[in-house]
Amino acid sequence: MSSDFRAPKGVPEYFPPVSAGFLYVRDALAAPAQRSGYGYIELPVFEETALFERGVGESSDVVSKEMYTFTDRGDRSITLRPEGTAGVMRAVVEHGLHRGPLPVKLWYAGAFFRAERPQRGRYRQLQQVGLEAIGSTAPALDAEVIALANEGFASLGLRSYELQLTSLGCAQCRPIYRELLRAFLLTCDLDEATRLRAGLNPLRVLDDKREAVQRQLVTAPLPVDHLCADCTEHFASVCSTLDLLNVTWVANPRLVRGLDYYTRTAFEFTHRGLGAQSGIGGGGRYDGLMASLGGSDLSGIGFGLGVDRTLLAVEAEGINLPIAPTIDVVGIATSVLSQDALILIIQRLRHLGVRADIAYDSRSLKAGLKTANRLGARWAMILGDDELAEGLVAIKDLRTGEQVHHSNDAIERWAPSLQWRAQSS
RNA sequence: GUGGGUGUAGCUCAGCCGGUAGAGCGCUGCGUUGUGGUCGCAGAUGUCGCGGGUUCAAGUCCCGUCACUCACCCCA
């Protein structure tokens, strides 16, 4: 409170015990990809500004007003990545990753940055788990990607979320529809900012939350009603495959993603109970993106899942994640002599997979036990001159109060009994 | 960028119509000599966000400012 420094505005920080939940959620969201043929890709957190301008689209809010952009010492314009897809595509093209079997399947996790006004669930530094499958237009791949996101959420025990799905059309049918919508929007009574958006990117007006706007849009033409034959068939196939995979979804013909590159399949996972920021993940197909970045004309599909928001969703549903305790045993030495022996035994235990710590600064056995208890240990291991003389250690079960002695040269035999396994909720 | 709410102990918060600051939890110690968690007793801790104004007197009223927060816009 009275320290000289504070964390930058809008940046969430996680520390024990909440940070364990953060790691658990992040890993759970990434797990489905890792067993489905996706390889890990580690990318720079900053890129040339132009990559995002061209990839994400200059008319998107993300690029036009939410990027952390600065000039580096070589006078280059650099931007902290606001999303993951553009960077993945750049890396695929740059390193020729698409010259192997297609589709190229990659997953990533890390921090992204958007210079927005922070609020609940909306941060300037956000954590995302994402994946991309590049080089195939197969609708079954769209379904796989969506199903993997769904599995991630479901594996956490989340229930009150919803998958919304639509198709935005392709390079053939979208431009025609776009003009149709633009013409329709000209007949509406809109404020200046919205009118401007209608001119630049009319699709974006469709999911405006304001009722005054939505009221005028009830008769607006919708993308799904103006798909070409190919897109219609593709979308129908995606839907039926999702049904086959038993993934529940609802059609939202007004769903529009915030990034300009999406074509055909677009989806979003929303959760009630996060406040105003309901999106916990989303993605879609981006068939023209790679070509627009100067690479081959390969299509792709992917998603980004918000780790911060998913953690909020888990909390909102009151889910107890099966998180293992941070330690099983705390060792207490009651004399200077026994201290060295204790350090060695603790090290052995750690190597055998027991989570073990030492009550370093406890001035008495009493204080040591108190420390062990407060650290959440299930057992205390006591080593004093008496035990040392007989080659023993005393193991006290802090829950029952029972105490037994073990020989300290048969550690392998009793170490397994000190592992407290996490229980699922 | 726009609007609302809130700033008091480490945390959650109380403090009425102004009278020089409190609770619970947590923390430290004691109650056993080598036995914690329960219980009992004792104790420590605050620029009452910051600056100004009104007043004999301001945590309390007024103005400004900063921070946090929720919401709009937008998004994960």
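Everything numeric in this text was worked out from a predicted model, so none of it was measured. Convention: sequence-line order gives letters A, B, ...; per-chain numbering from 1.
Under a cut-off of 6.0 angstrom, the local environment of CG in A:Asn246 is sparse, with at most 12 non-hydrogen atoms contributed by other residues, nucleotides or ligands. A:Glu48 CD: 12 or fewer foreign heavy atoms inside a 6.0 Å radius. Heavy atoms of other residues, nucleotides or ligands lying less than 6.0 angstrom from CZ of A:Phe46 number 12 at most.
A:Phe269 comes within contact range of no nucleotide atom at all, as no heavy-atom separation falls under 4.0 Å. Within 4.0 Å of A:Arg309, counting heavy atoms only, lies at least one base atom of the nucleic acid. Heavy atoms of A:Gly368 sit nowhere under 4.0 angstrom from any nucleic acid atom. The residue A:Leu305 sits apart from the nucleic acid: no heavy atom pair falls under 4.0 Å. Contacts of A:Arg117 with the nucleic acid, taken as non-hydrogen atoms under 4.0 Å apart, include base atoms.
Put simply, CG on A:Leu203 is 14 Å from P on B:C74, counting in whole angstrom units. Nucleotide B:G1 holds its C1' atom 18 Å from the CE atom of A:Met67, rounded to whole Å. Here the P atom of nucleotide B:C72 and the CZ atom of A:Arg122 are 9 Å apart, to the nearest Å. Atom OH of A:Tyr123 and atom P of B:C68 are 14 Å apart (whole Å). Distance A:Arg204 CZ to B:C73 P: 12 Å, rounded to the nearest Å. One interatomic measurement links the two molecules: NZ of A:Lys65 to P of B:C72, which rounds to 14 Å at whole-angstrom precision. With rounding to whole Å, A:Leu206 atom CG is found 17 Å from B:C73 atom C1'. Atom P of nucleotide B:C74 and atom CG of A:Asn201 are separated by 12 Å, given to the nearest angstrom.
Rounded to whole Å, the separation between the P atoms of B:C16 and B:G22 comes to 14 Å. Taking the C1' atom of each, B:C25 and B:G19 are spaced 30 Å apart, rounded to whole Å. Distance noted for atom P between B:A76 and B:C72: 16 Å (whole Å). Atom P of B:G49 sits at a distance of 14 Å from the matching atom of B:C11, rounded to the whole Å. For the C1' atoms, the distance linking B:C17 with B:G31 amounts to 47 Å, nearest Å. Comparing the P positions of B:A57 and B:G18 gives a spacing of 15 Å, expressed to the nearest Å. Separation of the C1' atoms belonging to B:U12 and B:G7 is 14 Å when rounded to the nearest angstrom. B:G24 and B:C30 are spaced 22 Å apart, taking the C1' atom of each and rounding to whole Å.
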If the sugar-phosphate is the primed atoms plus P, OP1 and OP2 and the base is the rest, what is the B/S/- string for nucleotides 33-41 of chain B, using protein heavy atoms under 4.0 Å? -BBBB----
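Here the side chain of A:Lys9 is nearest to one of B:C68, B:A76, B:C74, namely B:C68.
Screening A:Leu344, A:Leu342, A:Ile343 for a side chain to side chain contact (heavy atoms under 4.5 Å, CB included) with A:Ile346, the sole residue that qualifies is A:Leu342.
Between A:Gln119 and the phosphate of B:C70, there is no side-chain N or O to OP1/OP2 separation shorter than 4.0 Å.
The two atoms that bring A:Ala33 and A:Leu148 nearest to each other are CA-CD1, 4.4 Å, heavy atoms only. Here the closest non-hydrogen pair linking A:Asp328 and A:Leu418 is CB-O, 3.1 Å.
Of the two residues near RNA chain B, A:Arg257 and A:Ala7, the one whose nearest nucleotide lies more 5' is A:Ala7.
In this structure, A:Asp397 does not pair ionically with A:Arg399, as no charged nitrogen and carboxylate oxygen lie closer than 4.0 Å. Between A:Arg159 and A:Glu317 no salt bridge is recorded (no basic side-chain N to carboxylate O distance below 4.0 Å). A salt bridge between A:Lys396 and A:Glu402 is absent, with no side-chain N of the basic residue lying under 4.0 Å from a carboxylate O of the acidic one.
Aromatic ring pairs are classed by plane angle as parallel below 30°, tilted from 30° to 60° and perpendicular above 60°; the pair A:Phe303 and A:Phe267 is perpendicular. Note on ring orientation: taking the six-membered ring where Trp is involved, the planes of A:Tyr161 and A:Phe269 are tilted (angle from 30° to 60°).
With hydrogens and angles ignored, no donor-acceptor pair closer than 3.5 Å exists between the side chain of A:Gln125 and the base of B:A76.
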Let me check I have this right: for RNA chain B, each base becomes ., (, ), [, ] or |, based on Watson-Crick or G-U pairs with both distances under 3.5 Å. What is the full string? (((((((..((((.....[..)))).(((((.......))))).....(((((..]....))))))))))))....
